[in-house]
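Before any comments, here is the structure.
Just follow the structure's listing: the first ligand is 1, and inside any ligand the first atom is 1. For clarity, every value in this text was computed on a predicted model and none was experimentally measured.
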Amino acid sequence: MPRRPHAPGCVALPQIALAFAPMSWLSDARTTALLLDRLDPTTPRPPISGDLAVDVAIVGGGFSGLWTAYYLSALDPSLRIAVLERHHCGFGASGRNGGWAVGELAGSFASYAKRSSAGEAMRLSRAVFDAVDEIGRVSEAEGIDCHYAKGGWIRAARTAPQEARQRAEVDELRGLGFTEDEIRLLSADEATKYMNATGTRSGIFFAPTAAIDPARLVLGLADVVERRGVTVAEQTHVLGIGDRTVTTTAGTVTADVVVRATEAYTRDLEGERRTLLPVYSLMVATEPLPGDVLDEIGLIDRPTFSDDRYMVIYGQRTADDRIAFGGRGVPYLYGSRIDRSAELHADSHELIRETLIDLFPVLRDVAFTHRWGGVLGIPRNWLPFVDYDRATGRAALGGYVGEGVAAANLAGRTMAELIVGEPTERTSLPWVAPAARRWEPEPLRWLGVRASRRILATADDREEQTDEEAKVATRLARLLRGG
Ligand SMILES: Cc1cc2nc3c(=O)[nH]c(=O)nc-3n(C[C@H](O)[C@H](O)[C@H](O)COP(=O)(O)OP(=O)(O)OC[C@H]3O[C@@H](n4cnc5c(N)ncnc54)[C@H](O)[C@@H]3O)c2cc1C
């Protein structure tokens, strides 16, 4: 499990107001997630009609909720299962993300090893690798055309400190037992063959990663579970979760087990404001690119791509030859507020576009057709969790930071196995644990998040300008990921 300071979706930086007015692409671009936009219109399913009694109620129709429903309905087809979704399935990060099904989890190898042992942490890593393949297997078996391409992940080092960190990381992982087939260090020439980014000094190729169209996957999963008899109620706003009860705007649901799968939006549920920190991640997408532009960029097998700056960037070449690329979002909003205007922050989108052009100057003259954003959830200890309390019937999963696409498959599968009470190789993995303690009250949260982001972003600038490691940022990044 390679470790980086942040995950694909987990991005942020101090807000930098650009010196120029928003350019026309900002007003011309569509502001729906590219991947959801192509599937428009998403006509919501009806809400529950009055009170409902089921065996398992799942709150949230993203990957976490739907994978739980998928595996539960397979393990015990007699179960009455309802997914309760406030808007439509895929409304949250699951329908808007960068489409990296990446075989890694937020948090460090050391944190999971501390909870259990190095062997167990390794078992967890390999289980996430398997989740990447499992998404491919299920998509194929269920006829979900989610444009799955297992092309790995190419990470470029573009400064001397990034290059040094890559060497150290691969050495460390080799020492832990990760193989050359899973992760390998690349020379500048080898890295450039995968992705012709400017200033590449070295690279890491991480094999257990697939590019997908997340909207196709999440909407496809909703259809599959519905066909299996799961009630998928959309436009159903859950107000609060009690022991074996869910209060919604459309009626009360009673259930033996209630699964909370609401990720960043957990902050809206009664008593859960400080459970997960909602953080913004923003994306842009180009038009489908002509052959000569693609020849210049590479990414032939559709590996997902990034470089190794602290303030994470993440991209993929989509099946229709666009580049979908994400990065720095607006800062965390005071009080864990979630606000659509923050998802469409024009200066941040322009900065993300400029960052992509800095990687691939050939994109300067292409059209950017989409810009959008979403929120992801960060637990206080940065460790995602799968938690089921049989005594109260309460369950929760999530806290993936920015790496929830493959992780939610493993989490949902594990949750289903825990609920049916069937021990498997997954149910004892070291992330099966209650969520971390809650975040600090304001203004401490706001001050802490802003300060961390400022340090990391300043470090990137410094490393780029001086080619010297920003040691404070390295230590902070380690601290944030818990090891
Ligand atoms: C822009 C962006 C890019 C990202 N890129 C990547 C990436 O490339 N790879 C990766 O691994 N991860 C990425 N992530 C993170 C990843 O998308 C998430 O970790 C993952 O989708 C979380 O899935 P989920 O089902 O737990 O949460 P969500 O997808 O957020 O689903 C939660 C659902 O619960 C519903 N809900 C919430 N509250 C209520 C309520 N009160 N009542 C009823 N329903 C409710 C919401 O409407 C929502 O549909 C990215 C995230 C963002 C925002």
Of all the heavy-atom pairs spanning W431 and A407, show the shortest one and how long it is. CH2-O, 3.3 Å
Please check if the number of heavy atoms outside I300 that lie under 6.0 Å from its CD1 is greater than 12. no
Heavy atoms only, cut-off 4.0 Å: how does E263 contact ligand 1, side chain, backbone, both, or neither? side chain
For the 3.5 Å polar cut-off, considering only N or O atoms, please tell me whether G373 and ligand 1 meet it. no
In this structure, does ligand 1 have an atom that sits under 4.0 Å from one of the heavy atoms of A408? no
Should G99 be listed as contacting ligand 1, given a heavy-atom distance under 4.0 Å as the test? yes
Considering L239, T266, V238, which one's heavy-atom position lies nearest to atom 42 (N) of ligand 1? V238
With D308 as partner, the option from R165, Q162, Q166, R158 fulfilling side chain to side chain donor-acceptor pair (under 3.5 Å) is Q166
Which atoms form the tightest heavy-atom contact between V257 and Y388, and what is the distance? CG2-OH, 3.6 Å
If we only count N/O pairs under 3.5 Å, is R96 in contact with ligand 1? no
For ligand 1, is there an N or O atom under 3.5 Å from any N or O atom of V102? no
Please confirm whether F206 and F129 have ring centers closer than 6.0 angstrom. yes
Would you say L269 contacts ligand 1, with heavy atoms under 4.0 Å as the rule? yes
Determine whether a donor-acceptor pair (N or O, by modelled atom type, separation under 3.5 Å) exists between the side chain of S64 and the backbone of L397. no
Answer with yes or no after comparing the ring centroid distance for F360 and F305 against a 6.0 Å cut-off, counting only values under it. yes
For ligand 1, which is the ligand I care about here, please tell me if A406 has any N or O atom under 3.5 Å from one of the ligand's N or O atoms. no
Please state which part of Y400 comes within less than 4.0 Å of ligand 1, counting heavy atoms only: side chain, backbone, both or neither. side chain
Less than 3.5 Å between some nitrogen or oxygen of Y314 and one of ligand 1, yes or no? no
Return yes or no for this condition: an N or O of G402 is under 3.5 Å from an N or O of ligand 1. yes
Can you find a non-hydrogen atom of A261 under 4.0 Å from ligand 1? yes
Does any N or O atom in N97 lie less than 3.5 angstrom from one in ligand 1, N or O only? yes
Between the side chain of N409 and the main-chain N/O of A406, is any donor-acceptor distance below 3.5 Å? no
Which pair of non-hydrogen atoms, one from A191 and one from T200, has the smallest distance, and what is that distance? CB-CG2, 3.8 Å
Output yes when the distance from some N or O of ligand 1 to some N or O of W100 is under 3.5 Å, and no in every other case. yes
For atom 29 (O) of ligand 1, which candidate among G62, G98, S94 holds the nearest heavy atom? S94
Can you find an N/O atom of T262 closer than 3.5 Å to an N/O atom of ligand 1? no
Should the pair E142-R227 be classified as a salt bridge under the 4.0 Å nitrogen-to-oxygen rule? no
Using 30° and 60° as the class limits, which term best fits the ring planes of W67 and Y71: parallel, tilted or perpendicular? parallel
